[in-house]
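This structure is a prediction, so every number in the text was calculated from the model and none was measured.
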Amino acid sequence: MATRTTHLDITGMSCANCSATIQDTLESLDGVSEANANYATDEGSVTYDPDEVSLVALYDAIDDAGYGAVSETATIAIADMSCANCAETNEAALESTPGVVDAEVNYATDEAQVTYNPADASLADLYDAIEDAGYSPVREDDSDEESGRDARDAARQDEIRKQLRLTLFGAVLSAPFLFFLADRFLLAGSYVPGQVFGLEFGWLEFALAAPVQAVLGWQFYRNSYKALVKNKRANMDVLIALGSSTAFVYSVAVLLDLIAGDVYFDTAAFILVFITLGNYLEARSKGRAGEALRKLLEMEAETATIVREDGSEEEVPLEDVEVGDRMKVRPGEKIPTDGVVVDGQSAVDESMVTGESVPVEKEEGDEVVGSTINENGVLVVEATKVGSDTALQQIVQTVKDAQSRQPEIQNLADRISAYFVPAVIANALFWGTVWFLFPEALAGFVDWLPVWGQVAGGPAPAGGGVSVFEFAVVVFASAVLIACPCALGLATPAATMVGTTLGAQNGVLFKGGDVLERAKDVDTVVFDKTGTLTEGEMELTDVVVIGEDGTPLSDGGEAAPDGGQLAAQPQRSEDDVLRLAASAESGSEHPLARAIVEGAEERGLDVSDPDAFENVPGHGVRATVDGGEVLVGNRKLLRDEGIDPEPAAETMERLEKEGKTAMLVAYEGELVGVVADADTVKETADDAVAALRERGVDVMMITGDNERTARAVAERVGIDPENVRAEVLPEDKSDAVDRIQDEGRQAMMVGDGVNDAPALAVAHVGTAIGSGTDVAIEAADVTLMRDDPLDVVKAIRISDATLQKIKQNLVWALGYNTAMIPLASLGLLQPVLAAAAMAFSSVSVLTNSMLFRRYDPDRDYELLGRFR
C-alpha cells in the first residue's frame, strides 16, 4: 500500500478536545492510517492511502466535524487543449498531484480551477503537472492578479495569431489543388500535364502537400504522441493525425509504385487546412465568449482623487487606494472603489453592475459601487472595499467560478467523449476491413457513386475506378475524420460561459453551471416577506392605548415624566406606551424595533436604554425599563408570561387586516397598549408573482409575521392565501422549506436576511436579494444584485434559455456524428469533406453559443422560442 502524508493548517480549534475530535474523525475514514492535530500550533498531519481515500474526503471530514482546513484556489490558463478529452487528461493529472484537493478543467475557457493545500503544493507543482501531461500552462505571477489576467489574455491572443498564421500558410500551398481538382473533374484534364520537369505530376503535388503535412500537421502529431504515449488515452488529435497521415502515406506509396492507385495529396493537405481553420475560428470564438467579462473589468477607474486630512487633493493610481481613504468624484467620473458617501448628493449610473438603466439617487450615508458612474453632483466617498474585495471583482470571480462548475448535463457529454475516440477508431478499422474483404457484397452501395466509381479487385481498372485497398483506405480516413468529440466537448461549457456572463450583465449571479441548470426546473418559488416582497423599511403607523378595563383609548393623557412609573399613571397615554415600547426595543436591531424607536424620537420622546434586555426569537423582546418589566411582541409572548392579550384582539385584528405588523405592549404583567409598523410592498412584487404564475410556477410566502398581516401582503401581490406560511420562527424556516420539497416540489427560496440563510441552503435553489446580508448571499446559489423580485423571473428565464442552448449545441454536435459516421463508413463521403464537416461542427456550436449573447431576459418569455 503506497501511503501519502499531507500536512494541514486547521482552523476553528479552541481546546485540546477539538484536536482529539479531528483525529478521531480522520482516523475513522477507510484508508487513513494515522492522523494528528495540534491545538497549540493549529496544525495537523494525515497519513493515508490515496487509492482508498481522497484528499477532498479528508477536507470534507474536517468540515463535517465543525472545523476547517486551509486551502487556496488558483485559476490556470492552459494552452494546446484540442478537445474535452484533453481537459479530462489535465484534470486527472492535477488531481493526482500531491496536495491537490480538487481540480476542474474547462475546455471552453481553456482554464483550470484548482483547489490545493498550500502546505503540500504550490503553483509551480500545478504548472509542472500540466506540463508533464503534455500541455502548456500559462505561468503567471500569483502575487499580481492584473499581470495574471494579462498573461492569460496574451496567451489566448498568441494562440489565435498562431492558428491564423498556420491557416494562411496551409491555404497558400493548398490553393493550387483547387485548380487541379477543377481540371480533373470539370475540364477533363485539359490543363494539368502528366509530367513536370520530367517527373510525374504527383511529385509536384507531393512538394505542395509535404510542407503542409510537416508544419500544420506537427501540432497534431505531437499532441497525439503525448496523448497515446504519456497519457494512455486517445483524443481528437489522434483522429486528425490518423486521417491526414493515412491519405499522405498512401499517396507516397502510390508515387513510389509500392501500391497501385490514385494519389490523395490534395485530401491530406485540405484535411489539415480545414481543421486548422476550425481551430482558428474556435480560438477566436472562445476569446469573444469572455469578452463581456473583460469589458466589465476594463470599466474600472484607473486613478482616484484622494482628499487628504488637510483638504488637499492628490490623484493616485487605483491600486494605491486603501480602505478609509476619502475620494472626490466629480460629475462624469467613475467611482474608483466600493464605498459610502460622506458628503454630497448625486445620481449614480449603476447599470454596469445591476443592469438597472435608471440612475440611483445617492446622498450622505448611502453605499456606492466601484466603477459606477457619477452623473451630476460632486461626491466625497470613503472607500470601504478595495482591490479584489470590490463588488465588480467579486462579480467577475463569481462568474469565473460558475463557468468552472459545469451542469449535470455535461457529465453525459464527458462520458460519451471518454469512449468516443476509441469507438471511432474501431469503427473505421471495422469498415475499412469489411470493404477490403467483402467488396462484392457491398458493391451495390457504390455503383452509383459519382466520385469513386466501381469497386473491383486488384489494380485500378480502366475507366477511373479504384482498387479495393484504395477504397478501404478512403473509408478508414473518412470515418476517422468525421467523428470528432471536439464539438461535443464545447456544447455545454460554451453555452454555460455565455449564460453566466449574460446573468452577470443583468444583475443575476449564478454560483455555478450546475445552479444555472437547476434553476429552470423550479416549480415553486418561496418568497420571504420582509425585505424581499416588501421594502423592509418599516415605519411606525399606530399607537393604541388599552385602558385598565381592557378597552382601546384615544390619546387623552399626559406622558409620564422622565423616569416616572407608568403604573402610577391615573390615565395612560399614547406617548407613555410608545416611550416604554421604544426604550425596550432600543436594544434590538430588528427593523420593527428600529421603526418604533425612530417613531418615538420623531415625536420628541426621551428613549432610554433598558436596564436589561432579552430577545425572544420569533416572539418579541423582554426588557427592564423604569424598574419594571416591559414586553413587546406577539400574542404568544404575552400568553407565555401569563398575560391575556384578548382585550386587544379587535385592535390587533383591525391593524393586521390593514397589512400592518401589530405588537402588544405589556408593563409589569399588565397589557397597556398596541403599537403597529407598516412595510411598503415593492412596486414590482405583484408583476413578479404574475410572471411566475404565467410560467406555471407556484408562488408561496413564508414569514415570521402574523397570519393576518402575511395574508394582507399576499393578497396585495397576488399570492393565494393557502400558499402563505406565517408565524414561522427563524430556526424553523429551513424545516418549512424541507416540508414543501417533501411534497415533490423543486423549490427556490428567495430571502435577504440572516434568518433566511438556513432555508436558502436547503432549497433546491437558494436565491439571495443582493441588498441583503452577506450571510444570506454566501448561503445562496443565486445572488440578485438588485432588490427587485422581478429578477427572480429573469434568473429562471436565463437558466431556461441556457439549457435550451446547450441542448441545441448537443444536437449540432451529435447530429453531425449521427448523420455523417454512417455515410463515411459506407464510402459515401470523401475524407476532405469529412474534415471540413468536422471543423464546421465545432464552429457551429461556438457560433450558436455566441448568438445567445443577444438574448434579452427582460423581454416576454414567449420570444425565447427563437432560441429553441
Side-chain angles (χ1 to χ4, degrees), residues 81 83-85 87-88 104-111 113 282 285-286 288-290 292-293 399-418 420 484-506 508-522 695 746 748 764-765 781-782 794-819 840-857 861 863-868:
M81 289 197 297
C83 65
N85 287 348
E88 291 175 14
E104 293 188 21
V105 182
N106 190 326
Y107 168 48
T109 60
D110 290 328
E111 288 183 339
Q113 193 90 357
E282 185 178 305
S285 296
K286 286 180 180 179
R288 286 180 176 177
L293 284 183
V399 174
K400 286 184 175 181
D401 291 344
Q403 292 172 353
S404 71
R405 287 169 51 183
Q406 294 301 317
E408 184 65 26
I409 196 173
Q410 176 65 21
N411 292 336
L412 170 64
D414 290 342
R415 284 194 295 270
I416 294 174
S417 295
F420 200 72
C484 173
C486 185
L488 192 63
L490 284 169
T492 298
T496 302
M497 181 164 54
V498 176
T500 50
T501 304
L502 186 67
Q505 291 174 320
N506 285 274
V508 179
L509 298 182
F510 296 93
K511 271 193 175 178
D514 51 339
V515 177
L516 190 61
E517 181 181 35
R518 293 202 306 270
K520 75 170 181 58
D521 296 324
V522 166
R695 280 185 57 91
Q746 305 266 32
M748 173 187 282
H764 181 66
V765 177
D781 300 307
V782 180
K794 188 184 293 184
I796 296 175
R797 288 178 178 176
I798 292 173
S799 169
D800 200 351
T802 303
L803 264 293
Q804 292 295 339
K805 188 60 63 174
I806 289 174
K807 291 175 182 176
Q808 286 178 16
N809 287 345
L810 290 174
V811 168
W812 276 104
L814 293 173
Y816 274 103
N817 292 318
T818 302
F840 182 69
S841 67
S842 298
V843 175
S844 65
V845 164
L846 282 167
T847 302
N848 190 44
S849 298
M850 294 305 102
L851 290 174
F852 183 35
R853 294 186 299 176
R854 301 177 183 176
Y855 174 63
D856 181 4
Y861 183 75
L863 293 181
L864 184 61
R866 63 192 176 98
F867 293 102
R868 293 181 174 175

- Task: For Thr802, enumerate each residue passing the side chain to side chain donor-acceptor pair (under 3.5 Å) test, keeping only those at least two apart in sequence or located in another chain.
- Result: none
- Query: What's the shortest heavy-atom distance between Ala795 and Val508, and which atoms?
  - Reply: CB-CG1, 3.7 Å
- Specify the closest pair of heavy atoms between Met81 and Asn106, including all atoms of both residues, with the distance to one decimal. CE-O, 3.9 Å
- Indicate the atoms forming the closest heavy-atom contact of Lys520 with Arg695, along with that distance. O-NH2, 4.3 Å
- Note on the structure: Tightest non-hydrogen contact, residues Pro857 and Arg797, listed as O-NH1, 3.0 Å
- Message: Please check this pair: side chain of Arg853 against backbone of Leu502, looking for a donor-acceptor N/O pair closer than 3.5 Å.
- Response: no
- Message: So Lys511 and Val782, do their side chains get closer than 4.5 Å, heavy atoms only?
- Response: no
- CD1/Ile796 to CG/Asp800 distance, rounded to the nearest 0.5 angstrom? 9.0 Å
- Query: Taking atom CG of Asn506 and atom NZ of Lys794, what is their separation to the nearest 0.5 Å?
  - Reply: 4.5 Å
- Note on the structure: OG (Ser844) and CG (Asn809) are apart, to the nearest 0.5 Å, by 8.0 Å
- Query: Do you know which two heavy atoms are closest between Tyr855 and Ala801, and how far apart they sit?
  - Reply: CE2-CB, 3.7 Å
- Message: Counting C-beta onward and ignoring hydrogens, is there a side-chain heavy-atom pair between Lys805 and Val498 closer than 4.5 Å?
- Response: no
- Search all heavy atoms of Asp781 against all heavy atoms of His764 and return the closest pair with its distance. OD2-O, 4.0 Å
- Item | Sub-4.5 Å side-chain heavy-atom contact between Leu516 and Ile798 | yes
- Query: Rounded to the nearest 0.5 Å, how far apart are CE of Met748 and OG of Ser799?
  - Reply: 7.5 Å
